Amino acid sequence: MNEISIEVTLSDIQKTFDFDLVALTDIRVRQTNYMIRWKYSIGSLGDQWKRIALQRGKGVPGTVMKTGKSMIITDITGTDMERDLFRYPILKTEQLQSFIAMPLWNDDEEVMGILLMGNRDSRMYTEAEYEMVKQHVEKTLRQQILKELMVNE
Amino acid sequence: MNESNLTSLLEAMFHHSKEMILFVNRSGEIVHMNAHAANTLDDTDYDRSQFQHICNHCQGMYMEGGRVACTNCYLHQEEIVSFQVYMRTREGEVVPFIANFQRIDPENEISVFTLNSLAEQLKTQEIEHQKRLTQRIIQAQEDERKRISRDLHDGVTQELLNVLLEMRLLKYVDDREMLNDKMVKSEESLSQLLDYVRNISVELRPASLDDLGIEAALKTHFKWIERQYGISVDFIFDVDQKRFNPEVETVLYRIIQEAIFNAAKYAEVDSIDVALEETKDGENHHIKFVIEDSGLGFHTGDTPIGTGLGLFGMSERASSVGGTVSVDSVPGGGTKVFGSIPV
């Protein structure tokens with residue numbers, strides 16, 4: 001995978017939509033037995049995210065992967081997640097208060113990876129905003145990853 | 001009200017009061033005491049030809065943090081009101097009293113020292129405290145059950161259902177190649193499920209603690225902490241003896257686990273130091289442990305952010321095997337949990 005170009009795309013998403021943090025998990029095509037790790041992170045507070053490795057079904061990426069749906073949280077205050085922040089380590093280490101976590105699908109309807117975009121204060125993500133982000137990701141990041149995977153196959 | 005009446009009333013009060021009243025001179029000798037005081041206090045080594053000294057009875061004042069000490073002794077003060085003092089009683093026990101000490105005759109430097117039993121109030125307080133504690137423990141137990149139940153439901157039940165459905169469909173697959181493909185998928189699902197269940201059981205209590213001992217169990221746990229929270233643990237293990245009494249191993253493991261959880265939750269650090277050290281001093285054979293971080297820290301007297309059960313549990317566990325735990329912390333100066341356990 002061309003890591004530099006993926007990082008450029010993630011930075012671009014961060015700047016375009018004004019996120020504090022944009023992180024992407026390791027891309028895997030077949031959902032075999034593995035720990036989900038964060039492979040890229042733009043705007044991090046430290047290196048802690050590199051050490052995190054979650055079991056399937058755990059944490060933010062686990063939840064998104066399990067349901068196949070985006071999570072849109074405008075403020076974690078008062079949610080189950082805030083009470084249980086320990087089970088969502090990326091939210092704690094990066095001190096995120098609001099975020100969008102989005103599954104990235106391949107053409108066989110499998111989740112290849114999870115994209116996390118968040119802010120360190122509460123932020124009302126509107127429906128229109130979310131759609132814009134989603135379309136942007138669809139056109140740039142997803143296409144890029146699919147192309148890379150094809151080249152490597 | 002005339003003068004003689006007040007004197008007789010005062011005298012009656014002195015003799016019949018259920019409050020202990022003692023008159024004490026400047027050097028602490030008891031000039032007079034009322035019947036209740038004489039009946040309550042221990043007078044076994046009392047030589048009747050001499051003045052009794054108050055320090056024969058007094059065991060010290062209650063200080064901040066639960067210590068009993070003689071610093072700032074009331075004898076050297078003009079007046080202190082409502083302080084807690086410990087006296088030795090006739091039954092040979094040391095009992096807390098709520099006391100007042102006032103100089104009433106400045107010329108002869110005589111003071112009045114009155115004492116009221118605290119046992120009743122303390123008992124109610126203790127019951128209240130016990131009640132609150134029990135409530136918190138029950139709540140914590142319920143939360144833990146909720147967590148395990150969710151883990152079982154979300155993970156195990158769902159995955160099992162998945163495999164079950166896949167298996168059902170296998171019956172209708174005629175094509176051998178396709179069947180193989182589907183079986184490989186089911187196999188994968190089952191092996192994932194196996195891992196999931198294993199993980200739940202290790203989180204509850206690692207089998208390595210019983211099979212391989214404290215060092216192996218801690219190392220595995222630290223690896224898990226690193227993956228789960230992104231926090232690295234620097235571990236120094238300076239112990240020759242490989243295995244200990246299982247009780248001691250469990251206590252050590254749980255104390256270290258709890259201290260690390262606390263650091264990970266509240267200290268805002270990305271690394272924690274843990275050290276275990278063996279000390280042999282003749283018959284005294286101890287294991288010393290230190291869990292230290294350089295994070296936010298806290299005032300040791302403050303109300304805890306969490307339930308407060310963690311620290312309580314650590315000291316309860318340690319004392320169950322005759323050990324001790326202490327916590328040192330300064331806001332901005334990190335936290336150190338340390339102690340020792342006899343082995």
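No experiment lies behind these values; they were computed from the predicted model shown. Side chains are part of it too, since the values below use all heavy atoms of this structure and drop only hydrogens, waters and symmetry mates. Every chain is numbered from 1 and lettered A, B, ... according to where its sequence line falls, protein lines coming before strand lines.
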*If only atom types and distance count, is the side chain of K92(A) paired as donor or acceptor with the main-chain N or O of K265(B) below 3.5 Å?*
yes
*Before accepting this row, confirm whether a basic side-chain N of the pair D80(A)/R150(B) lies closer than 4.0 Å to the acidic partner's carboxylate O.*
no
*May I ask you to decide whether E110(A) forms a salt bridge with K185(B), counting only side-chain N to carboxylate O separations under 4.0 Å?*
no
*asked:* Taking the side chain as everything from C-beta on, heavy atoms only, tell me whether K58(A) gets closer than 4.5 Å to Y196(B).
replied: yes
*Just give me the residue among K50(A), R87(A), K66(A) that pairs up with chain B most often, heavy atom to heavy atom, under 4.5 Å.*
R87(A)
*What are the two closest non-hydrogen atoms of G230(B) and Q48(A), and how far apart are they?*
O-CG, 2.9 Å
*Flag the pair E268(B) / Q95(A) as yes when at least one side-chain heavy-atom distance between them is below 4.5 Å, and no otherwise.*
yes
*asked:* If you count every heavy atom of other residues, nucleotides or ligands that lies below 6.0 Å from E177(B) atom CD, does the total exceed 12?
replied: no
*If only atom types and distance count, is the side chain of R51(A) paired as donor or acceptor with the main-chain N or O of D270(B) below 3.5 Å?*
yes
*So does E144(B) have more than 12 non-hydrogen atoms from other groups sitting under 6.0 Å from CD?*
yes
*How long is the gap from CD1 on I52(A) to CZ on R227(B), to the nearest 0.5 Å?*
12.5 Å
*For S232(B), is it the side chain, the backbone, both or neither that has a heavy atom under 4.5 Å from a heavy atom of chain A?*
both
*asked:* Is it the case that over 12 heavy atoms from other parts of the model lie below 6.0 angstrom from the CD atom of E131(A)?
replied: yes
*Would you check if there is a donor-acceptor pair between the side chains of D195(B) and Q55(A) at a distance under 3.5 Å?*
no
*asked:* Heavy-atom count check: over 12 atoms from other residues, nucleotides or ligands less than 6.0 Å from L164(B) CG?
replied: yes
*Between atom OH of Y229(B) and atom CG of L85(A), what is the distance when rounded to the nearest 0.5 Å?*
11.0 Å
